[in-house]
Amino acid sequence: MDKLIADLKKQIVDQLNLQDIKPEDIGDDEPLFVEGLGLDSIDALELIVLLQQHYKIKLESADDGPKVFRTVKTMAEYITAHQPKNV
Amino acid sequence: MPNIYITSSCVINDHVVYKNNKKVFENKHANLPEFLLAAYDNLEIKYPKFYKMDNLSKLGWLAAENLLKENFIKENYKPDDVGIVLSNANSSLDADLKYLETVKDFPSPSLFVYTLPNIVIGEICIKNNFKGENAFFVFEQFDANFIKQYVSNLVINNILQTCICGWVDVIGENYKAALFLIEKNSNPNATDFTTENINNIYQQHNG
């Protein structure tokens, strides 16, 4: 889980072009939206693409978004629970 | 008919930023993304959203920031008083082509949002809380007379009290921005808002 969280932080910085932020600056439990990193709705779409591109995971329901993308840790938990076995 | 003035101008062309006809920044040995980033750093403004913009929005946003810096008294106007009228030749084609590349793999939402030319107006408005009338026109070439007529009509009829207008164009490594701040009150830098003066400023810095 620690490696997955570290990978996710780097992928988030790259995918969202967060040039002012280093992956290690993002806290595991830090909110990604509004407070914390302050991501916006377009960033949310990029996170959905990130899940598909890197982990072959499609969000089951749009309603799950706020829960899945609350923090890097919640993303990692969702990936662990939903990742296809052959990836 | 009230007098209308160009109270500030900014031209970005050939790796140089000109403010009121004076060179304020230059970075000759950079490609366009590097130049835009260097010009942003030179402004010493912390605005992380800049990094996410496409090149057209970055260019227009930088031109607007330089245009307004030290010349625009925001407190003189309500948000609805300030409008933006821009034009260019290549619409959002630069971003369109980059987005098309991503469609082959995973379409990029963050590139998709820039596949309209008027998004640059939105970026300037968001930064400055401008909420007045805005429009973006696509012409084969810069049309000073159209800009003069269209903006004058908005200001004379009190639809706007002030307007940022001009040209912001990017395609690949070719680019030019020429923005004008139009106000009813003059200042020591001001010139009359005429087709001739608009053309003079635009053409003065052709690379």
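Just so it is clear, the model here is predicted, and its values are computed rather than measured. Chain identifiers are assigned alphabetically (A, B, ...) following the order of the sequence lines, protein sequences preceding nucleic acid strands; residue numbering begins at 1 within each chain.
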Query raised in the report: Out of curiosity, B/Phe106 CZ to A/Leu50 CG, how far, rounded to the nearest 0.5 Å?
Result: 10.0 Å
**Report entry** Value rounded to 0.5 Å, distance of CG in A/Asp43 from NZ in B/Lys52
**Finding:** 3.0 Å
Report task. For atom CD1 of B/Ile73, decide whether the heavy atoms of other residues, nucleotides or ligands shown that lie under 6.0 angstrom number more than 12. Result -> no
Query raised in the report: Salt bridge between B/Lys46 and A/Asp20, side-chain N to carboxylate O under 4.0 Å?
Result: yes
**Report entry** Point-to-point distance, once rounded to the nearest 0.5 Å, from CD of A/Glu46 to CZ of B/Phe112
**Finding:** 12.5 Å
Query raised in the report: How about residues 9-18 of chain A versus chain B: which residues have heavy atoms under 4.5 Å apart?
Result: A/Leu16, A/Asn17, A/Leu18
Query raised in the report: Is the NZ atom of B/Lys131 crowded by more than 12 outside heavy atoms at less than 6.0 Å?
Result: no
Query raised in the report: Who wins among B/Ser110, B/Ser108, B/Pro109 for the most heavy-atom pairs under 4.5 Å with chain A?
Result: B/Pro109
Query raised in the report: Under 6.0 Å from the NZ atom of B/Lys49, do we count more than 12 heavy atoms belonging to anything else shown?
Result: yes
Requested in this report: Flag yes if more than 12 heavy atoms outside A/Glu24 fall under 6.0 Å of its CD atom; otherwise flag no.
Outcome: yes
Query raised in the report: Is the number of heavy atoms from other residues, nucleotides or ligands under 6.0 Å of B/Lys127 NZ greater than 12?
Result: yes
Query raised in the report: Would one find more than 12 heavy atoms of other residues, nucleotides or ligands at under 6.0 Å from atom NZ of A/Lys67?
Result: no
